[in-house]
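Structure record follows, encoded as structure tokens.
Below, chains carry the letters A, B, ... as their sequence lines are ordered, and counting in each starts from 1.
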Number of protein chains: 2
Amino acid sequence: MSSAVKTLHLLSFFSATTPEIGLSALCRLAKRDKATTHRHLQALEEAGFVEQNPLTRQYRLGPALLQLAQTREQTVPRKESAIPVLKDLAEKTGETTHASVLSGTTVFALASYESAQHSTRVVIDLDKFPLHATASGLSILAFGPGDLFEIAANNLETFTSHTVNSKASLEEAVQSVRDTGFGRTIQSFEDEVSSLAAPVFDETGNLAGAVSVACVATRFSPELERKCQEHLITASRDLTRGWGGAVPDPIEAIWAATLNNSKALDSTS
Amino acid sequence: MSSAVKTLHLLSFFSATTPEIGLSALCRLAKRDKATTHRHLQALEEAGFVEQNPLTRQYRLGPALLQLAQTREQTVPRKESAIPVLKDLAEKTGETTHASVLSGTTVFALASYESAQHSTRVVIDLDKFPLHATASGLSILAFGPGDLFEIAANNLETFTSHTVNSKASLEEAVQSVRDTGFGRTIQSFEDEVSSLAAPVFDETGNLAGAVSVACVATRFSPELERKCQEHLITASRDLTRGWGGAVPDPIEAIWAATLNNSKALDSTS
DNA sequence: AACCAATGGTTCAAATAATGAACCGATCAA
DNA sequence: TTGATCGGTTCATTATTTGAACCATTGGTT
């Protein structure tokens, strides 16, 4: 691992809930030497990626990030184009929606939208997503680059009693996504949340990310699932179009088959 | 210079006008070896700070920046608090306004606001600011940490025929800012722009950045300058308050004296 | 088809920079 | 005073970074 990556990794410990971190605390979090961590922080400070709170001497994220993010958003305005789609999806399903993008082997949360329809709703913390425990992650494993599976399988952190905890069960879950076209997790990341997700594609027809609906688990009925599936399809199409691509025909075919099946089930019940 | 800093420096070549850069082009820009640059880009890609356009193989800024910037803004919402102040300043002066923050030895643009009052107006490119050629930079040199002067003096890039080009004339310009409380540049960064700026302070009473008005040079009359000075004072107070601090008394005294002087000049003319 | 000049990407010995245990001074609480 | 933090620094050892030369591919020109 290059020293630059190690340095940048320090940034990932900052979050909305932990906005300022002292040198010693960061050493413990990153499990690295104090001298090294200090030099890394100085490098980040020189580049404007962190700054020191002059009062507490603690470190926090720096202003250079704002400029770079602004440039990124001007350049590749995926977030901007995603928001209206997420809003629409949230209003139609009455649940919280969000979109994420795959970059390298990491899933980044892009944006989320909370439906105002219910007073209980899922609030999504825009952090990195575990591939094996979220509906978005499973969608990405199913339709994204093949080398992701190994990485996910070697990193099966357990979040709830429903989290998949073996390579075999992960394989099974991914296969089910390939069969249905939808990622699906029942209380596997957080106990109160069940999610459905669909893959999103870019201008090359490769997987670019995922869009998902996170439902409060007690509301997650077959009817709601059907509704989510329908609207996820249009949301995925819209996002894919917004990012310059088109949903590949095989995916469309799988979705159509899944919807037909659940319609058949409905009518027999 | 640490390799992490060199790596991060690559990011600064991306801008709204140059959103995607190929490996070779980036080597030329950064004046660095191809193998090194490639390894640096891989490190940045691993961290999500850049990604490769799958079609052109060119690199562009990555999605990790969006998340970090969001955290930064949630945490230290300077930009958010600055925008209404800049808007007000722009409306009262009829010119383009902007705010910048000092981090380490670099001035970062935070936000700008264009007045809709005139059809010709200054459009500010949110890039890094040269300390010696902008009103904001001079304000920061005058009231910021002392070690900045040497850095600025060793980096006197010439932009127009009015740009200061010697250590002595820079010293003179900075002294004038200390005397008046306002940074002032007449067509020194771009030929059509004259600017006035005032320092902004943080919760420790140290300089945190600057706020400025960028006027179309042909409109820059003594009357407009007076108006800008008045409103810059209130803008600096507002921003400083928004960032948890208060404008130091000596600065307030200098401003009061400057305003008195120009009032006296007005009445004699 | 052959050629040339780009491009992105890789190799490996030499050179340089990263590393971390031990250390320093400051602050705070007991 | 003592002891336990904190942020920060030192320096010999070690491991990573470095870059000239190289390869493979692409796209335009003769």
Validation row: B:L44, B:L11 side chains within 4.5 angstrom (heavy atoms): yes
Determine yes or no for a side-chain-to-main-chain donor-acceptor pair under 3.5 angstrom, with A:T7 supplying the side chain and A:H40 the backbone. no
Taking only the side-chain nitrogens and oxygens of A:Y59, find out if one of them lies under 4.0 Å from OP1 or OP2 of D:dC6. no
State whether the side chain of B:R178 and the backbone N or O of B:A142 hold a donor-acceptor pair below 3.5 Å, judged by distance alone. yes
Base, sugar-phosphate alone, or nothing: which one does B:Q52 contact when heavy atoms must sit under 4.0 Å apart? sugar-phosphate
Under a 3.5 Å threshold, yes or no: a donor from one side chain and an acceptor from the other, between A:T134 and A:S136? no
To the nearest 0.5 Å, what is the distance between CZ (A:F14) and OG1 (B:T71)? 10.5 Å
Inspect the contact between B:K167 and B:E150 and indicate whether a charged nitrogen and a carboxylate oxygen are less than 4.0 angstrom apart. yes
Run the side-chain contact (heavy atoms from CB on, under 4.5 Å) test on B:I233 and B:S236 for me, step by step, so that the C-alpha distance in whole Å, both residues' side-chain angles and the decisive distance to 0.1 Å come before the verdict. CA-CA 5 Å; B:I233 291 175; B:S236 169; 5.9 Å; no
With distance as the sole test, does A:R32 use its side chain to make a donor-acceptor pair with the main-chain N or O of A:T37 at under 3.5 Å? no
Where protein sits on nucleotides 16-23 of chain D, one letter per nucleotide: B base, S sugar-phosphate only, - none, heavy atoms under 4.0 Å: -SBBB---
Within a 6.0 Å radius of atom CD on B:E172, are there more than 12 heavy atoms belonging to other residues, nucleotides or ligands? no
Distance in angstrom units between A:H38 NE2 and D:dG8 P, rounded: 4 Å
Once you build an axis from the first five pairs and another from the last five of the helix from C:dA1-D:dT30 to C:dA30-D:dT1, how far apart in angle are they, to 10 degrees? 30°
With nearest nucleotides of DNA chain D determined for A:Q42 and A:R28 from heavy-atom distances, which residue corresponds to the more 5′ nucleotide? A:R28
Go through DNA chain C in 5' to 3' direction and return only the first and the last nucleotide with some atom under 4.0 Å of chain B's heavy atoms. C:dT7 to C:dA18
Has B:E45 got a side-chain atom pairing as donor or acceptor with B:V50's backbone, closer than 3.5 angstrom? no
